[in-house]
**Q** 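This structure is in structure tokens; I'll ask about it shortly.
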Amino acid sequence: MNFEIPNFLPAVPEMFVLGMACLILVIDAFLPDSRRDITYGLVQATLVAAAGLTLWMMGPETVLTFSDTFVKDPMADILKVAVYVTSFLVFLYARPYLMERGIHKGEFYILGLFAVLGMMIMISGHNLLTLYLGLELLSLSSYALVAFWRDSTRATEAAMKYFVLGALASGLLLYGMSMIYGMTGSLDIAVIAAELTAADESLNIPLVFGLVFLVVAIAFKLGAVPFHMWVPDVYDGAPTAVTLFIATAPKIAAFAFLMRLLVEGMGPMHADWQGMLIILAVLSLAVGNVIAIAQTSIKRMLAYSTIAHVGFVFMGILAGTDSGYASAMFYVIVYAITAAGGFGMIVFLSRKGYEADQIDDFKGLAQRNPWFAFIMLLLLFSMAGVPPTVGFYAKLAVIQAAVGADLVWLGVVAVIFSVIGAFYYLRVVKMMFFDAPKDENAEPVQPSGALATALSINGLAVLALGIFPGLLLSITHYAIIG
Amino acid sequence: MDTIYLLIVLAPLFGAIAAGLFGRQIGRTGAHTVTILGVAISFILSVVVFWAHVFGDAGIYNETVYTWMVSDGIHFEVGFLVDNLTAMMMLVVTFVSLMVHIYTIGYMKDDPGYQRFFAYISLFTFSMLMLVMANNFMQLFFGWEAVGLVSYLLIGFWYKRPTATYANMKAFIVNRVGDFGFLIGIAALVFYAGSLNYTEVFAEAESMRDATITIWPGWTFGLLDLALIFLFIGAMGKSAQVPLHVWLPDSMEGPTPISALIHAATMVTAGIFMVARMSPLYEFSVAALSFILIIGAITAFFMGLIGLVQNDIKRVVAYSTLSQLGYMTVALGASAYAAGLFHLMTHAFFKALLFLAAGSVIIAMHHLQDMRAMGGLRRHMPVTYVTALIGSLALIGFPFFSGFFSKDAIIEAVGYSQIPGATFAYWLVLAGVFVTALYTFRMFFMVFHGEERYDQAHKYMPDHGDDDDDHHHDHGPLQPKESPWVVTVPLVLLAIPSVVAGYFIGPMLFGDFFAEALFVLPEQDVLATKGETYTGVIAFVLHGLMLPAFWLAMAGLGTAWYLYMKRPELPGVIAERLKLGVRILEDKYGFDRFNDWFFAGGTVRLGRALWRYGDALIIDGLLVNGTARSIGWISARIRHMQSGFLYHYAFVMIIGLLVLMFAYVI
């Protein structure tokens, strides 16, 4: 085997983020607690620079490197940019929260940056091992982030659950990968796909066997029913700033992970995984939307809403068409932006010693601050899929994809559960606009700083993208179809 | 040209936004300056466009400006279609709107909602321009709904008056009925033609004629007939045709300037415009034309009759508007689209004039509207008097005034028409001429001539509950005086076209002014029949003098003079003799009562029954609350699956894995 110097160029953003993460780690070690803003600034600058690099290097061609273990294609570029943008927003929203609680540590941003690197590798993985490494980098960072507020017992408990279940899921994933490797003799995504096309009928059972494990692991990462149990506990237990992070950008990466593994790798077995995803999608839609109704904590409610959204993402993918993948990608990006705004609003309303994480805390928001009540209304409408917010187009696109794949009944199911889901979103709207504020927090909300501005932009973006859906739609279309 | 068209549309919108959202910052003067400027720009550019189309060689402009979305091959676009028809409508709309803007400065002087009012009327101008300039059904519908919305807002402008809010709800709900039909009509056309664009739909007209649609097994209709009748139902709502006319008289609760702008000159003619714009479709459906003809004739005659017994000055003008809209509709039904549009134009001028003159009178009478307390105003308000006289003469069709030409053309066209129902319509519109002259000059004499009855004002003062609009009701003896110049100048400016607009009859009706915009089948072209004998304006007038319409108008005028000037005690005697007839007219044929009892009451009764049995029992009790309760119950149960115990979670995952495995591997 000859050693040849690999083509580093496609992985420049990854190497840059890695280098910066290490550098910031060192710098942060020498900073006093009062100067953490430097860490924050550096991390945000890194994200901006990485976005610049990725955009600069963007091109229509697919480039493989590092012995075909790493791929750079339009989908990877666009998803990475989405990850940067979401993470940037998340860090911006998280900072005041952390500062007020005296946990404004460098670890948060550095772990976050490593998680971003993990996501980038997941997005660009073209080999079972690379994909796995990216996933683990993300997961380990996430576990640590959840546990990062050591004084909070709930956060610690949540981290413990997350870690154990995550380890179980990783084990299942590795097991599934080993089965696939055993049957096809390769870890390379493209080779696996080629082998599967040529595979003998007799290999079918062990292949499906491996496939089930892969699907389960993916379902766990995205939080699809019945592998969702960690989601509410972790979202609720983790500090809101961390929830904000793990609820948004990693979903984009998990989508990419799913695309690489199932669509590109196991594409020839579409018929098999389509059925599995249908089961998971229907269960997620049903359980997510129904249980969300019974929640009193808005973080748990949004956790269940996330589960329901995953059902929609699956609907787009299981259609098995390019427009279906594009619609799922559209959905997941829209979800990430909207969820960032939603959790950001909780951060915005919270103060030291008051988390604002109960649904009741939103009562009378319209009296306390009409503008942010309106922004929250936009975000909730988008989650519920009310036009003209972008959430409507997201739902429309995936339902269209499902109907296009002759799964009309699934579209009907999705619509029915959307209606059920609309109830709990609209209940919050009703509380904001028609109920009187609770006595202890009746004073007006004073918007301040970058958080308020960014939240406003975030909310308006949800509206603007809904009025001009063509932009994002054509981007996702380009990412998948070229 | 793109820029010009965009500017025409957007200038009023900009004014509306500035006055509406920043009214407090820019103040009263700022609000009227910016909106008047916006509308003035639109008007001037509309003149330019009109000039370019009529006298220049500008061809038909038909372009898409913005594609909103494409769904299933149907393009949802914003686009403009500008031909002579559009250019004329733009001119009329912006001109009347400009006049009304200026007039409003005087009329709404003391109103606390000054800026809001200007914002609304500018928004209306924008919406109306979007409507007339549309080149596709979506934009038409947008404009259609937007003018409806503004109309709703303006009727309820004095929102503290219960009568005003009742009237605006009524207008909104009645228009809902029409709009529903309109939407069905559009849907049927789009369903067949697969496009929203006018040109593309019109191209399918001939093939649509033979297409049928089966609503229910055994119920098969011609697609085109059905679609066009539904479209016309939309027009019946907007243009207040029987039986959807009931909202228009009540809309007089709004301030007078908008009665002139929206409920006389422009918005209510949207239905007429729409049918004319769709002439390439309507020509192929005799059923639809016949329907239009009959509805229009009924409106023209019977609504005019009600005008005879009204005492509120604005209501007389309102019923007159209904009747005149009926005339336009009749023209459409007789395939004389050009005549309908011509009457639309002349009517826009003289009716806006009459409304604004009525408004001027109302200002002078300190917001008293009852004619029984007026009289002799001629001496106090010379400008209003003369302009109102011009408007009245135009309305009754006095020779050489604009209404003479347009109304005569309609009546003769109907006489030539072969559409089923044309004979019926002919007699009604002919009789309507007499009625028109009678109620018009009844009003005119009661207001401007005779003895001064201001001392009776307190008897007829409207009771608006609280004095929300801050008009000063000083209760001393009324001293009417002429209105300020911002009020009289628009009157004079409107009086000019009320006279001269009629002289365009040659090119507009018998020439090729509308040749590109309208389509008429040769065998139904009644105007061409008439046009064969047309030799010029003077000859037309001379010919008109020999027709019954003229003599009927004169008879009406004479009767009014005799009854209200010569023998003022006589109307009371006649009313006594014809008690039943007067009762029926005062009851407006019982439409309102019937609607209140049948539709409103029936809806309430039905709603109550549905609520009690359908909603409370089945839907709420069993389905919704049942579902909600069971979903809540399920939710409450399965949330306990979320036990918080790690081993439960792991267990569920393993079960899930096993289930998938058994389902797919074995």
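First the proteins, then the strands, lettered A, B, ... as listed; each starts at 1.
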**Q** Looking at A:His477, I'd like to know if its NE2 atom is crowded, meaning that more than 12 non-hydrogen atoms belonging to other residues, nucleotides or ligands lie closer than 6.0 Å.
**A** no
**Q** Return yes when atom CZ of B:Phe76 has more than 12 non-hydrogen atoms of other residues, nucleotides or ligands closer than 6.0 Å, and no otherwise.
**A** yes
**Q** Taking side chain as everything from C-beta outward and backbone as N, CA, C, O, which of these in A:Leu211 sits under 4.5 Å from a heavy atom of chain B? Side chain, backbone, both or neither.
**A** neither
**Q** Could you look at A:Val216 and say if it's the side chain, the backbone, both or neither that has a heavy atom under 4.5 Å from chain B?
**A** side chain
**Q** Shortest non-hydrogen contact from A:Phe213 to B:Leu657?
**A** CE2-CD2, 3.7 Å
**Q** Are the side chains of A:Phe227 and B:Val652 in contact, using a 4.5 Å heavy-atom criterion?
**A** no
**Q** Do you know the tightest heavy-atom contact between A:Pro226 and B:Gly656?
**A** CG-CA, 3.9 Å
**Q** Please report the shortest heavy-atom distance between A:Trp230 and B:Tyr649, naming the atom on each side.
**A** N-CD2, 4.4 Å
**Q** Could you tell me the separation between the OH atom of B:Tyr647 and the NZ atom of A:Lys161, rounded to the nearest 0.5 Å?
**A** 11.0 Å
**Q** Would you indicate whether A:Phe163, at its atom CZ, is surrounded by more than 12 heavy atoms from other residues, nucleotides or ligands within a distance under 6.0 Å?
**A** no
**Q** In terms of heavy-atom pairs under 4.5 Å with chain A, which of B:His648, B:Met653, B:Met69 leads?
**A** B:Met653
**Q** Most heavy-atom pairs under 4.5 angstrom with chain B, which of A:Val215, A:Leu168, A:Val225?
**A** A:Leu168
**Q** Any chance OH of B:Tyr192 has more than 12 other-residue heavy atoms, nucleotides or ligands included, within less than 6.0 Å?
**A** yes
**Q** Is it true that, when you exclude B:Phe141 itself, more than 12 heavy atoms of the residues, nucleotides or ligands shown sit nearer than 6.0 Å to its CZ?
**A** yes
**Q** Within a strict 4.5 Å, meaning less than it, do heavy atoms of the A:Met160 and B:Leu646 side chains meet?
**A** no
**Q** Please classify the contact of A:Leu172 with chain B as side chain, backbone, both or neither, using a heavy-atom distance under 4.5 Å.
**A** side chain
**Q** Over all heavy atoms of both residues, which pair between B:Tyr664 and A:Met276 is shortest? Give the atoms and the distance, please.
**A** OH-N, 3.2 Å
**Q** Side chain, backbone, both or neither: which part of A:Phe220 has an atom under 4.5 Å from a heavy atom of chain B?
**A** side chain
**Q** Could you look at B:Phe651 and say if it's the side chain, the backbone, both or neither that has a heavy atom under 4.5 Å from chain A?
**A** neither
**Q** More than 12 non-hydrogen atoms from neighbouring residues, nucleotides or ligands closer than 6.0 Å to CZ on B:Arg608, yes or no?
**A** no
**Q** So which part of A:Tyr393 gets closer than 4.5 Å to some heavy atom of chain B, the side chain, the backbone, both or neither?
**A** side chain
**Q** More than 12 heavy atoms of other residues, nucleotides or ligands under 6.0 Å from CG of B:Leu658: is that the case?
**A** yes
